[in-house]
Amino acid sequence: MSQANDRTPANGVENEALLGLLAQLDLEEKVLILTGQDFWSTWPIEKIGLRSMVVSDGPSGVRGPTWDERSPSINLPSATALSSSWDLDAAYRYGTVSANEARRKGVDVVLGPTINLHRSPLGGRHFEAFSEDPLLTAELAASYVHGVQDNGVGATPKHYVANDFETERFTADVTVSDRALRELYLLAFEKSITEARAWMVMSAYNSINGATATENELLETPLNSEWGFDGVVVSDWTAVRSLDSARYSQDLVMPGPKGPWGAKLVEAVRNGEIDEAAVDRKVLRLLLLAARVGALADFDPPATPTPIDGIAFAREAEIEGTVLVRNEGALPVVPGTVSSVAVIGHNAVLARTQGGGSATVIPESVVSPLDGIRAAFPDAAITYSRGAIVQEGVAEFPPGSMTNPITGGPGAHVRMLDADGNELFAEDRFAGALVYFGGDAPVGQMKTFDFATQWTPEETGKARIGCAVVGTARIFVNDELVDEQQAHPVGNDLGAAFLAPPSMTVEVDAVAGQPIDFRLEHRPLEMSALAGAMSITLGVEPPVVDDDQLIAEAAAAAAAADVAIVVVGTNAKVESEGYDRSSLDLPGRQDDLVRAVAAANPRTIVIVNAGSPVAMPWRDEVAAVALTWFGGQQYGNALADVITGAAEPGGRLPTTWPATQDDVPVLDVTPVDDGIEYAEGIHIGYRAWLKAGTAPAYPFGFGLGYTTWLVGPASLADDGDTTTVTVPLTNTGDRAGKHVVQVYASRPSSAVDRPVRWLVGFTTVRADAGASTSATITIPRRAFMHWDGEWKLEAGTFDLSIATSVDDIVETLSLEV
Ligand code: BGC
């Protein structure tokens with residue numbers, strides 16, 4: 001799979017040419033390049049042939065240096081969808097697509113993968129991370145890193161480390177045992193460094209055991225001293241807060257150009273407070289990175305990315321990540337066998353294809369579930385009912401509904417004005433969600449932001465139009481000022497102002513097809529943390545409706561159809577960077593909606609469009625349930641493939657799905673007195689569920705396909721270093737399929753506190769109907785070791801269980817070590 005394409009010049013950081021370049025730099029130049037040049041790039045130094053390097057989020061696509069619909073990116077399904085594939089080759093190709101996108105957009109290093117753990121299902125960035133299990137995370141992450149770096153672009157596993165929640169994320173101190181760090185949170189990173197040899201790692205915002213991540217000894221040990229990391233530790237954005245951090249193995253401060261190092265660091269070196277060797281060490285790493293990505297003259301150019309059809313891959317990745325958790329014969333729905341389909345749910349149209357926050361990319365277009373289903377059932381009558389309101393606050397004007405009053409073409413006209421009303425900047429845009437975070441717009445100097453469009457509603461009735469932003473909003477409708485409002489950020493986190501600003505709207509009488517002139521004058525608040533950056537959404541808030549009536553209409557449509565497909569899910573306010581969730585419940589009246597539809601039509605299929613677990617109290621009352629995560633831009637097509645049976649749902653749960661929030665053994669994400677104690681130690685995820693003896697709704701590793709398998713009997717070989725488990729399998733069904741073979745270890749009697757069972761190996765297998773094959777899983781000794789100041793192996797007998805999920809063991813073998 002991976003062609004070792006490490007691109008490390010001979011002797012790595014000790015390379016003579018790099019040392020020679022370092023020797024040509026004076027102290028000011030060295031210090032200069034250790035802080036970014038702007039939001040997304042590093043400083044060039046022409047005299048040594050060093051060009052600026054560009055980094056970009058990531059990780060499910062690559063946004064590039066501007067956040068702008070005029071420069072779209074491929075929107076891959078969320079990391080939770082990728083991890084549900086349990087497929088290392090898919091992770092590799094996910095990285096390959098990212099590398100292609102990066103080069104297309106002039107990006108040298110992708111700021112991903114995010115490999116913090118799903119410690120609590122309430123974690124706001126759960127969608128962006130892989131799993132509750134460190135081994136599954138580590139394997140997928142390493143393949144992703146290989147996929148990016150084999151194609152000549154750098155990858156950045158993040159956020160190092162224990163950054164598993166968002167509340168008070170800049171300051172919270174995580175108290176965590178060495179053992180849990182080593183066996184869980186660090187283990188997730190280890191393989192990306194030791195085997196995939198990541199060129200960059202991002203240090204986190206939070207503290208770990210009393211020291212903030214950018215000033216933490218963990219940056220040196222194990223990262224450098226034990227794992228041999230020779231890349232650059234980049235800070236999370238604004239995470240470096242002191243001069244003192246320069247003493248640590250923190251190499252690059254982002255963003256720039258301001259930062260706590262600069263002139264102060266030069267001075268500290270000059271007066272002997274900080275050793276120049278510490279600066280040199282960082283500079284050499286930056287130069288090595290530059291050599292690797294092709295930013296240094298006289299070094300080999302990086303590999304040209306292997307071409308890959310990113311859009312086709314987005315569709316495939318979503319199919320492989322779709323987890324079918326219930327199917328009472330309702331799926332697949334073969335086209336031609338039904339004459340009517342009732343599609344229901346707000347997310348069937350306003351689907352979530354990605355999570356919110358820095359992970360956001362702007363796709364050129366999105367295939368919604370309704371679009372996908374319509375295309376897949378050309379001969380059936382398809383009805384659509386919204387069923388329940390899911391969206392909270394303003395969602396951007398649909399692209400096709402805006403006309404630019406200046407050009408007369410699609411879109412909107414945007415102006416930035418100074419205090420005297422002089423125009424500083426103007427542009428024509430095609431989206432209603434605008435984020436200025438990097439780029440040339442003079443956001444820092446602007447006093448007034450002006451957005452004008454002609455909005456053509458699709459429906460007749462009362463509509464609420466306006467914006468979501470922090471500051472004042474003067475809303476003009478048909479050239480008349482109709483309201484002036486002011487919104488303050490909720491909480492003191494940059495995230496709150498930037499990622500979830502409050503909405504301000506006015507009600508208008510909309511007539512389908514009749515344009516309304518809309519203009520917004522916005523004055524931003526003075527907020528130093530946001531200087532130069534701005535996020536605003538112009539659009540429509542959901543109408544005030546009679547919820548019972550919406551549900552009744554949906555149920556009536558379901559009753560009249562051969563099959564009902566309900567797409568339920570979360571919204572932009574629920575899952576995003578910057579804050580955690582407060583509840584696992586689906587927003588709005590969606591639970592009532594599903595129950596009503598299921599009562600009206602026995603063939604009710606529920607599609608869950610959420611990046612992380614949600615409670616599904618109706619799950620046993622419906623005919624089928626598929627968990628589809630945030631599906632990427634090909635979401636609707638992938639969904640249609642799975643529904644029609646054109647493809648098999650390939651996913652298995654990378655994280656336990658609880659029945660109720662009260663059952664979740666490790667839930668808390670809210671610091672107390674500025675800290676969170678990871679008191680559960682090594683028992684997170686399924687380990688905690690097993691320890692508590694509580695049954696979840698669906699266990700880790702679980703997922704159904706469309707065929708059946710005969711598994712085993714397995715055999716085992718051990719050479720003293722590694723154990724090889726061989727599992728014969730036969731596809732006993734009538735169609736080709738995929739099976740994920742999982743191996744869990746357990747230790748019946750042990751002097752050490754251990755999980756009841758823990759994942760030690762897995763592989764995916766595919767076979768045609770009736771065909772037999774065999775899976776080979778290699779398990780290194782480390783999988784049986786525990787951390788006790790060092791890795792230790794407790795001699796004796798370990799049980800190895802071949803399983804289809806952590807709760808479904810097919811057979812158990814024993815191994816003497
Ligand atoms: C996020 C990072 C991201 C960075 C740059 C931070 O707020 O935590 O994941 O890479 O911003 O956008």
Side-chain angles (χ1 to χ4, degrees), residues 35-42 53-68 73 78-79 98 102 105 107-117 123-130 141 144 148 154-172 188-189 198-207 212-214 232-241 250 252-256 259 354-362 435-439 491-500 529-530 532-535 575-580 611:
T35 295
Q37 165 175 244
D38 52 31
F39 264 104
W40 307 115
S41 73
T42 60
M53 292 183 274
V54 178
V55 300
S56 177
D57 297 312
S60 298
V62 181
R63 191 170 59 243
T66 56
W67 194 312
D68 194 316
S73 306
S78 58
S98 305
K105 301 200 126 204
V107 169
D108 298 292
V109 185
V110 175
L111 299 174
T114 301
I115 53 174
N116 301 112
L117 296 182
R125 295 180 83 168
H126 197 104
F127 66 86
E128 204 182 319
F130 291 121
Y144 176 117
V148 176
T156 313
K158 68 186 186 185
H159 312 81
Y160 189 86
V161 61
N163 185 182
D164 314 292
F165 57 92
E166 291 293 281
T167 310
E168 298 178 22
R169 65 177 175 151
F170 294 106
T171 50
F189 283 83
W199 298 345
M200 195 133 118
V201 162
M202 187 185 291
S203 51
Y205 286 129
N206 52 288
S207 296
T212 195
T214 52
V232 170
V233 174
V234 61
S235 68
D236 199 344
W237 267 228
T238 70
V240 169
R241 295 130 177 150
Q250 170 68 48
L252 176 63
V253 174
M254 285 302 282
Q354 57 185 327
S358 64
T360 305
V361 300
I362 306 180
V435 177
Y436 297 93
F437 197 46
N492 55 4
D493 183 313
L494 173 96
F498 204 79
L499 304 167
L530 284 176
M534 169 180 165
S535 160
E575 289 185 79
S576 170
E577 177 182 335
Y579 43 88
D580 293 305

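Positions are given from 1, in the same order as the sequence printed here. We count ligands from 1, going down the list as the structure has it; atoms in each ligand are counted the same way.
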Would [X] count as being in polar contact with ligand 1, using the rule that some N or O on each side must be under 3.5 angstrom apart?
| X | result |
| --- | --- |
| R63 | no |
| K158 | yes |
| Y205 | yes |

query: Under 4.0 Å between a Lys/Arg side-chain N and an Asp/Glu carboxylate O for K158 and D57?
result: yes
message: Does this structure show an ion pair linking E575 with R125, if we count only N-O contacts that are shorter than 4.0 Å?
response: no
May I ask you to list the atoms of ligand 1 that are less than 4.0 angstrom from any heavy atom of [X]?
| X | answer |
| --- | --- |
| R125 | 1 (C), 2 (C), 8 (O), 9 (O) |
| D236 | 1 (C), 2 (C), 3 (C), 4 (C), 6 (C), 7 (O), 8 (O), 11 (O) |
| W40 | 5 (C), 12 (O) |
| R169 | 7 (O), 8 (O) |
| M202 | 10 (O) |

Check: W67 ring centre within less than 6.0 Å of W40 ring centre: no
task: Would you check whether H159 reaches within less than 4.0 Å of ligand 1, judged by its heavy atoms?
output: yes
- prompt: Of all the heavy atoms in W67, does at least one lie under 4.0 Å from an atom in ligand 1?
  reply: no
- request: Check ring-ring contact (aromatic ring centres under 6.0 Å, His included) between Y436 and all other residues, then give those that pass, not counting sequence neighbours.
  value: none
message: Check whether D108 reaches the backbone of V55 with its side chain - one donor and one acceptor, N or O, closer than 3.5 Å.
response: no
task: Take S203 and Q250 through the side chain to side chain donor-acceptor pair (under 3.5 Å) test and state the conclusion after the steps.
output: CA-CA 8 Å; S203 51; Q250 170 68 48; 2.7 Å; yes
- prompt: Would you call V62 and V361 a side-chain contact if the rule is heavy atoms closer than 4.5 Å?
  reply: no
